[in-house]
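Data first, discussion second: the structure below is written as structure tokens.
Below, chain A is the first sequence line, B the second, and so on; all start at residue 1. Just so it is clear, the model here is predicted, and its values are computed rather than measured.
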Protein chains: 2
Amino acid sequence: MNPVRPTKTENIRETLEAHGLKVTPQRSVVLGYLMSTDRHPNAEEVFQAVSLHLAGAISKATVYNTLNTLVAAGAIVEVSAEPGVTRYDANIESHHHFIDRETGRIYDIPWESVEPLCQTLGTDFSIQDYHVTFYGKALKHEHSPP
Amino acid sequence: MNPVRPTKTENIRETLEAHGLKVTPQRSVVLGYLMSTDRHPNAEEVFQAVSLHLAGAISKATVYNTLNTLVAAGAIVEVSAEPGVTRYDANIESHHHFIDRETGRIYDIPWESVEPLCQTLGTDFSIQDYHVTFYGKALKHEHSPP
DNA sequence: TTCCTAAATTAGAATTATTCTAAATTCAGA
DNA sequence: TCTGAATTTAGAATAATTCTAATTTAGGAA
Ligand SMILES: [Mn+2]
Ligand SMILES: [Mn+2]
Ligand SMILES: [Zn+2]
Ligand SMILES: [Zn+2]
């Protein structure tokens with residue numbers, strides 16, 4: 001019988017194809033990892049994680065290439081939190097971020113959780129988009145696969 | 001006769017001392033450059049700019065050291081705009097940023113220009129601070145020393 | 001199926017940004 | 001002036017990312 005919802009691998013395949021990318025094992029495992037986590041990993045962390053999942057290992061160059069390809073295609077987004085670190089996020093919906101100052105962990109904040117900001121800053125700037133970064137302490141531990 | 005306002009070099013000296021730092025020519029020229037511009041330069045741009053102003057040249061290591069020292073002392077702040085680039089800002093008041101998507105230039109947005117965001121995100125997060133990054137097109141050219 | 005070509009992947013070299021090291025200089029205070 | 005600590009320095013070392021050039025993979029004719 002057909003599953004009620006698409007399986008994970010079907011989701012991955014669909015997402016790649018929806019963004020005009022061919023499906024390859026390397027792309028699947030990188031995107032699949034990012035879709036499975038809400039931890040906003042950097043390239044090195046993606047490399048570590050997918051090296052476990054992909055039997056025959058994956059080249060670090062491919063991790064960088066694939067992340068850049070996924071970003072260019074719009075399948076994932078880059079997140080600038082701390083200076084000097086590029087993190088990646090499979091959540092491509094508009095949303096904000098909360099950074100725990102003790103742990104450095106980045107949490108997603110749904111767009112609707114933040115009241116809309118007025119869409120004008122006087123006459124000098126035309127606003128197309130905005131993003132709020134909150135800083136503080138996460139009170140509940142939200143566990144998720146690393 | 002005494003000037004009505006402190007001169008620039010007096011400002012620089014006062015800022016260094018107010019943050020517990022000794023006054024040196026290198027620190028003065030780095031901080032002075034950052035106080036004179038609103039362009040949020042990165043380390044390389046600071047190095048280029050101060051190399052011109054400081055006759056006998058300044059070591060690039062000193063620029064990095066000095067920027068880190070100034071950040072640690074709270075005399076300047078780091079700004080994370082694009083992923084992978086650390087920029088520096090002598091404006092240490094709470095404020096927001098506007099990034100021109102065409103030019104990449106970062107403009108300061110006064111804290112009061114943005115209506116206050118509610119200080120709660122449910123029960124999971126304790127908010128200590130927040131920062132809004134706007135994206136769009138700057139309409140007026142605001143000129144300032146490079 | 002076999003062949004062909006383009007795309008994707010790879011290892012390692014190259015580049016770039018930043019930090020580290022160890023020596024030289026500067027500086028404040030005794 | 002002397003002295004020790006702080007600062008600055010050049011260049012080496014490290015780390016992150018990109019580039020290069022060769023190899024593998026994969027889909028579409030024939
Ligand atoms: Mn990128
Ligand atoms: Mn720093
Ligand atoms: Zn996110
Ligand atoms: Zn600023």
Heavy-atom closest contact (Ser28(A) atom, Leu16(A) atom, distance): OG-CD1, 3.9 Å
Ionic contact status for Lys22(A) with Glu17(A), cut-off 4.0 Å: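 Result for this pair is no, no salt bridge flagged.
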Contact state string [nucleotides 1-17 of chain D, B base, S sugar-phosphate only, - no protein heavy atom under 4.0 Å]: -----SSSBBB----SB
Check: Phe125(B) ring centroid to Tyr107(A) ring centroid under 6.0 Å: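 Here the rings of Tyr107(A) and Phe125(B) have centres that are less than 6.0 Å from each other.
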His95(B) side chain vs Ile109(B) backbone, donor-acceptor pair below 3.5 Å: no
CD1 on Ile12(B) to CE on Met35(B), rounded to 0.5 Å: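 It is 6.0 Å, given to the nearest 0.5 Å.
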